[in-house]
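Presented below is the structure to which this report refers.
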Amino acid sequence: MNNINIIIGMMLVTFIPRCLPFLAFSRLNIPRPLKKFLRYIPPAALGALIFPGAITAIPSYPFAATVGIATALAFSWFREEISLTVLLSVIATLTSLYFLGY
Amino acid sequence: MEENIEQLTEQKETSPKFREGVLASLPIFIGYIPVAITFGLLAKSTGLTLLETFLFSALVFAGASQFMALQLIQGGAEPVQIIIATLIMNFRHFLMSSHLSTIFPIKEKPWLIPFLSFGVTDESFAYFSTSKHHRSADFILGLEYSAYTSWVGGTIIGYLFGNILPPILQASMGIALYALFVALLIPEAKKSLSITLTAIIGGVTHSFLSWLGIFSSGWNIIMAILIAASVSTWITGEKEENE
């Protein structure tokens, strides 16, 4: 029951930030500097989501995680295929873990 | 009568858009599965019931904060603490939705706002903000709810069958979420130096703040995003006047 309370609470605090800007901003004309700032949010967010989280993605095996994320970076630079990138990254991590004696 | 005809023709035009959205979501759909399976597995080992685990993914639908909540539940945190930590962590969606509110076609169909905004995740956001094929609400819904199906479905599969996977594969799947972010970022970064720099500043700032360890992880990521986006806006200030 305690967990259900947590889930309902988390649902509210996740949904409200997702929804509020649509209700507020769709009625306003956004000034140009702000628009530009908002345009830089995506790469800023992705950069911050990847680092440092990716390095610590496999507890106590930072090297394997680094190999995995480096594989993703290198592969997606040459071929823009999302699912293949994810698959190869997992395989690279798996291989490193194997050789590290996981 | 006229209205009826309009509705009919609209349906004819829009339902393929929904299907296009579902097709476009395929990489995210596939990318979510290992991450969702990992969540289901962890939820089970944390002691959650199948119903709770299902509701977690079905109602919250925010990967990073769900993983964080499991850690906090295991550590015996109070519900209020978990909810506040989630608010801080997911406040980045406020920034993402702010951006999307400038490009989503919501003026014609304001009643869709709750449904469109519920589906805003790091991944769907990365897709919408980097592609131009989404100016229809049906396309957006198709992409978002296909990803949703994969997230919820993967969670249940992970809970029920995750233990069958060899431990080394279970561990390796921890990288999937980050590989997904990389695959969404790189095509954009290749197009422009300022975008590459913004991402690097975001990653370096976040790493530095995490290393400092003064603020909670939710605040760290919000500050990193704000700093990186501000610095880039400021640096490129006058140059890209036309954009």
Side-chain angles (χ1 to χ4, degrees), chain A residues 2-11 13-15 17-26 30 33 35-54 57-58 61 64-65 68-69 72-73 76-77 80-83 85-86 89-91 93-94 97-98 102, chain B residues 27 30-31 48 52 55-56 59-60 62 69 79 82-83 86-87 90-95 97-99 101-102 106 113-114 117-118 120 122 126 129 168 171-176 178-188 195 198-200 202-203 206-207 210 221 224-225 228-229 232-233:
Chain A
N2 211 16
N3 286 339
I4 300 285
N5 290 339
I6 293 172
I7 293 165
I8 304 283
M10 283 179 67
M11 177 188 78
V13 297
T14 306
F15 181 65
R18 274 172 175 164
C19 191
L20 208 61
F22 286 100
L23 300 173
F25 287 159
S26 59
I30 299 179
K35 226 173 187 169
K36 195 164 172 182
F37 172 77
L38 294 176
R39 210 163 49 87
Y40 280 119
I41 293 285
L46 286 170
L49 284 166
I50 297 166
F51 292 108
I58 320 290
Y61 286 88
I69 212 66
L73 282 165
S76 60
W77 188 269
E80 299 178 3
E81 284 179 54
I82 298 174
S83 13
T85 305
V86 173
S89 174
V90 171
I91 291 172
T93 310
L94 184 81
L97 281 178
Y98 178 76
Y102 183 86
Chain B
I30 296 170
L48 267 66
E52 288 167 347
L55 289 176
F56 239 119
L59 297 180
V60 181
I82 299 174
I83 291 163
T86 305
L87 175 66
N90 288 343
F91 202 72
R92 67 178 187 282
H93 290 137
F94 182 85
L95 302 175
S97 286
S98 303
H99 172 74
S101 70
T102 64
I106 44 174
I113 286 177
S117 58
F118 179 75
V120 174
D122 298 325
S129 61
I168 190 170
S172 308
M173 285 182 343
I175 203 72
Y178 299 97
L180 190 61
F181 293 143
V182 166
L184 294 165
L185 171 66
I186 295 300
E188 279 312 290
I195 288 185
T198 312
I200 292 172
H206 190 210
S207 303
S210 306
I221 194 164
I225 295 171
S232 297
T233 310

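Quick note on labels: first sequence line is chain A, next is B, and so on, each numbered from 1. Keep in mind that the numbers below use all heavy atoms, side chains included, and drop hydrogens, waters and symmetry copies.
Rounding to the nearest 0.5 Å gives a distance of 9.0 Å between CD1 of A:Ile41 and NE2 of B:His99. For the atom pair A:Leu73 CG and B:Leu185 CG, the distance stands at 8.0 Å (nearest 0.5 Å). Within the model, atoms CD1 of A:Ile7 and OG1 of B:Thr86 stand 11.0 Å from one another, a figure rounded to the nearest 0.5 Å. Distance check, rounded to the nearest 0.5 Å: OG1 of A:Thr14 to CG of B:Leu59 gives 10.0 Å. Separating the CD1 atom in B:Ile175 from the OH atom in A:Tyr61 is a distance of 15.0 Å, to the nearest 0.5 Å. In this structure, OG on B:Ser97 lies 10.0 Å from CG on A:Leu23, to the nearest 0.5 angstrom.
Residue A:Phe37 touches chain B through both its backbone and its side chain, counting heavy-atom pairs closer than 4.5 Å. Looking at A:Ala54, the atoms closer than 4.5 Å to chain B (heavy atoms on both sides) sit in the backbone and in the side chain alike. Within the 4.5 angstrom heavy-atom criterion, atoms from both the backbone and the side chain of B:Ile83 approach chain A.
By number of non-hydrogen pairs under 4.5 angstrom with chain A, the leading residue of B:Ile168, B:Leu87, B:Leu95 is B:Ile168. Counting heavy-atom pairs closer than 4.5 Å to chain B, the top-ranked of the candidates A:Leu20, A:Ile58, A:Ile91, A:Thr85 is A:Ile58. Ranked by heavy-atom pairs shorter than 4.5 Å toward chain A, the options B:Ala224, B:Ala228, B:Pro114, B:Gly31 are led by B:Pro114. When the candidates A:Gly47, A:Pro52, A:Ser83 are compared by the number of heavy-atom contacts under 4.5 Å with chain B, A:Pro52 comes out ahead. The choice from A:Leu94, A:Thr93, A:Leu97 that makes the most heavy-atom pairs within less than 4.5 Å of chain B is A:Leu94. Each of A:Ala45, A:Ala65, A:Ala44 has some count of heavy-atom pairs under 4.5 Å with chain B, and the biggest count is that of A:Ala44. Contacts with chain A were tallied for B:Ala183, B:Ser172, B:Ala179, B:Gly202; B:Ser172 has the most, counting heavy-atom pairs under 4.5 Å.
The shortest distance between side-chain heavy atoms of A:Cys19 and B:Val120 does not fall below 4.5 Å. In this structure the side chain of B:Asn90 never reaches within 4.5 angstrom of the side chain of A:Val13, judged on heavy atoms. You'll find the side chain of B:Ser210 stays beyond 4.5 Å of the side chain of A:Phe51, heavy atoms only. Using a 4.5 Å cut-off on side-chain heavy atoms (C-beta onward), B:Arg92 and A:Leu49 make contact.
Scanning both residues, A:Met11 and B:Val60, for their nearest heavy atoms gives N-CG2, 3.9 Å. Heavy atoms only, all atoms of each residue included: A:Phe15 and B:Ser117 are closest at CE1-OG, 3.8 Å. Annotation for B:Phe181 and A:Leu46: closest pair CD2-CD2, 4.0 Å, computed over non-hydrogen atoms. Nearest approach of B:Tyr178 to A:Ile50, heavy atoms of both residues: CD2-O, 4.0 Å. Across A:Asn2 and B:Pro79, no two heavy atoms sit closer than the pair OD1-CG, 3.4 Å.
In terms of the salt bridge (charged side-chain N to carboxylate O under 4.0 Å, His left out) criterion, A:Arg18 has no residue partners (sequence neighbours excluded). Under the rule for a side chain to side chain donor-acceptor pair (under 3.5 Å), A:Ser76 has no partner lying at least two apart in sequence or in another chain.
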Stepwise, does the side-chain contact (heavy atoms from CB on, under 4.5 Å) test hold for B:Val182 with A:Ile69? CA-CA 8 Å; B:Val182 166; A:Ile69 212 66; 3.8 Å; yes
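Partner of A:Pro43 under the side-chain contact (heavy atoms from CB on, under 4.5 Å) criterion, chosen from B:Ile200, B:Ile225, B:Ile195: B:Ile195.
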